[in-house]
Chemist: 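I have a structure I would like to understand better, so I am pasting it below and will then ask my questions one at a time.
Quick note on labels: first sequence line is chain A, next is B, and so on, each numbered from 1.
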Amino acid sequence: MPELPEVETTRRHLAPVLEGARIVDVTLTRDRMARRNTRPVDVVDRLEGRLIGSVGRRGKFLLIDVEGDLTWVIHLGMSGRVRIAENPGEPRETHAHFTATTDRGPQVRLIDPRTFGFVAVFTPDELATDSLSLLGPDAWEDLPKAPTLHSRLTDRRVPLKALLLDQRELAGLGNIYADEVLFRAGVRPDRLAGSVTSPEVDRLLDAIPVVLAAGIESGGTSLDDLAYLLPDGRAGEFLSQLAVYGRAGQPCRRCGSAIERVIVAQRSSHFCPRCQT
DNA sequence: AACGATCCCTGTTGGC
DNA sequence: TGCCAACAGGGATCGT
């Protein structure tokens, strides 16, 4: 599941390929992938022939500056990945629904079997009215200070994990890294947000950059063959470092207790019953 | 307003 | 072996 570390890894691969390049051809073979634009054809028309500026990221969204005051948005959803084909002649992958060819040769492809991801090209007005504008601070670049986060938690009756997953509160954490952060902070995912103490807030804010840095350093988490891969086709290597996600029944790496799995906020959640309270 | 539930989509998995 | 229901989940949307 592409989360902040996977999207950041993708961004770092895309930047040298796209920045300063001109898009010479765009193909969209599945309209659903462009559903955020009023007309899917806008994605093609607004990219073709245009010069690309900086490749940025906010939360799990890639935000790419395009000549003409446009913003090219890519979201990977749950099964999306970017593939950089050095030669546009390379056979098109199954589920490669969108391609953009640069004047330098390489081709950027968006592959997404479940099509929960999307690609859009927004004018400033469209960007401002899209739900993108509701995104909270980026968990990597713009992590809030303890008093700010604590004030967002007080009086909230949702499970803490639900709040960590809410992209309007904090942008970037998904199901895997939320579980990993909660383990490192020693807090259960089903704890009510309003019950989190000051020391626990401090531990959460300490844990977030550590977990995200490790994920980025490893190139993200590739769960299986279907899942996320780096734009060069390699697998991310964070899977082997996961403390709790996907480890139900296995011994906690810290205390040896069996990792438990429960449903919180309609998502599978993994935690150590002894290390997390 | 806050919160929970449901839906979208399809490859994979597990039960019979 | 083959069939099929259940499952995975980010985010939008709807109901309470």
Chemist: Expressed as a whole number of angstroms, how long is the span from His75(A):NE2 to dC8(B):C1'?
Modeler: 14 Å
Chemist: Check the phosphate of dG11(B) against His95(A), side-chain N and O only, distance under 4.0 Å to OP1 or OP2. Yes or no?
Modeler: yes
Chemist: Indicate, with a heavy-atom threshold strictly under 4.0 Å, whether Phe61(A) touches base, sugar-phosphate, or nothing.
Modeler: sugar-phosphate
Chemist: Atom CG of Leu165(A) and atom C1' of dC3(B): how far apart are they, to the nearest Å?
Modeler: 14 Å
Chemist: Looking only at non-hydrogen atoms, find the nearest pair between Ala15(A) and Val55(A) and report the distance.
Modeler: CA-CG2, 3.9 Å
Chemist: For Tyr177(A), report the nucleic acid contact type (base, sugar-phosphate, nothing); a contact means any heavy atom under 4.0 Å.
Modeler: nothing
Chemist: With the threshold set at 4.0 Å, does a side-chain nitrogen-carboxylate oxygen contact exist between Glu169(A) and Arg156(A)?
Modeler: yes
Chemist: Return the 5'-most residue of the pair Ser131(A), Asn175(A) with respect to DNA chain C, ranking by each residue's nearest nucleotide.
Modeler: Asn175(A)
Chemist: What contact category does Arg30(A) fall into here, base, sugar-phosphate, or nothing, at under 4.0 angstrom with non-hydrogen atoms?
Modeler: sugar-phosphate
Chemist: Within the 4.0 Å heavy-atom criterion, would you say Arg168(A) contacts the bases, only the backbone, or no part of the nucleic acid?
Modeler: nothing
Chemist: Using a strict threshold of under 4.0 Å (side-chain N to carboxylate O), is an ion pair present between Arg36(A) and Glu126(A)?
Modeler: no
Chemist: Heavy atoms from C-beta onward define the side chain here; which of dG11(B), dG4(B), dC8(B) lies closest to that of Arg32(A)?
Modeler: dC8(B)
Chemist: Of all nucleotides in DNA chain C that come within under 4.0 Å of a heavy atom of chain A, which is furthest toward the 5' end and which toward the 3' end?
Modeler: dA8(C) to dA12(C)
Chemist: I want to check one thing: is the phosphate of dA2(B), taken as OP1 and OP2, less than 4.0 Å away from some side-chain N or O of Arg157(A)?
Modeler: no
Chemist: Roughly how many Å is it from CG in Leu163(A) to P in dG4(B), rounded to a whole number?
Modeler: 11 Å
Chemist: Please tell me which of Asp155(A) and Arg267(A) maps to the more 5' nucleotide of DNA chain B, matching each residue to the nucleotide holding its nearest heavy atom.
Modeler: Asp155(A)
Chemist: Are Tyr228(A) and Glu3(A) close enough that a side-chain donor and a side-chain acceptor fall under 3.5 Å?
Modeler: no
Chemist: Using only side-chain N and O atoms of Arg114(A), determine if any of them is under 4.0 Å from OP1 or OP2 of dC8(B).
Modeler: no
Chemist: Could you go through Tyr177(A) and Phe238(A), starting from their C-alpha distance and side-chain angles, then the distance that decides it, and tell me whether this counts as ring pair (Phe, Tyr, Trp, His ring centres under 6.0 Å)?
Modeler: CA-CA 11 Å; Tyr177(A) 293 94; Phe238(A) 196 59; 5.6 Å; yes
Chemist: Considering only NZ, NE, NH1 and NH2 on the basic side and carboxylate oxygens on the acidic side, decide whether Glu93(A) and Arg81(A) come within less than 4.0 Å.
Modeler: no
Chemist: Are any of the side-chain nitrogens in Glu8(A) or Arg12(A) under 4.0 Å away from the carboxylate oxygens of its partner?
Modeler: yes
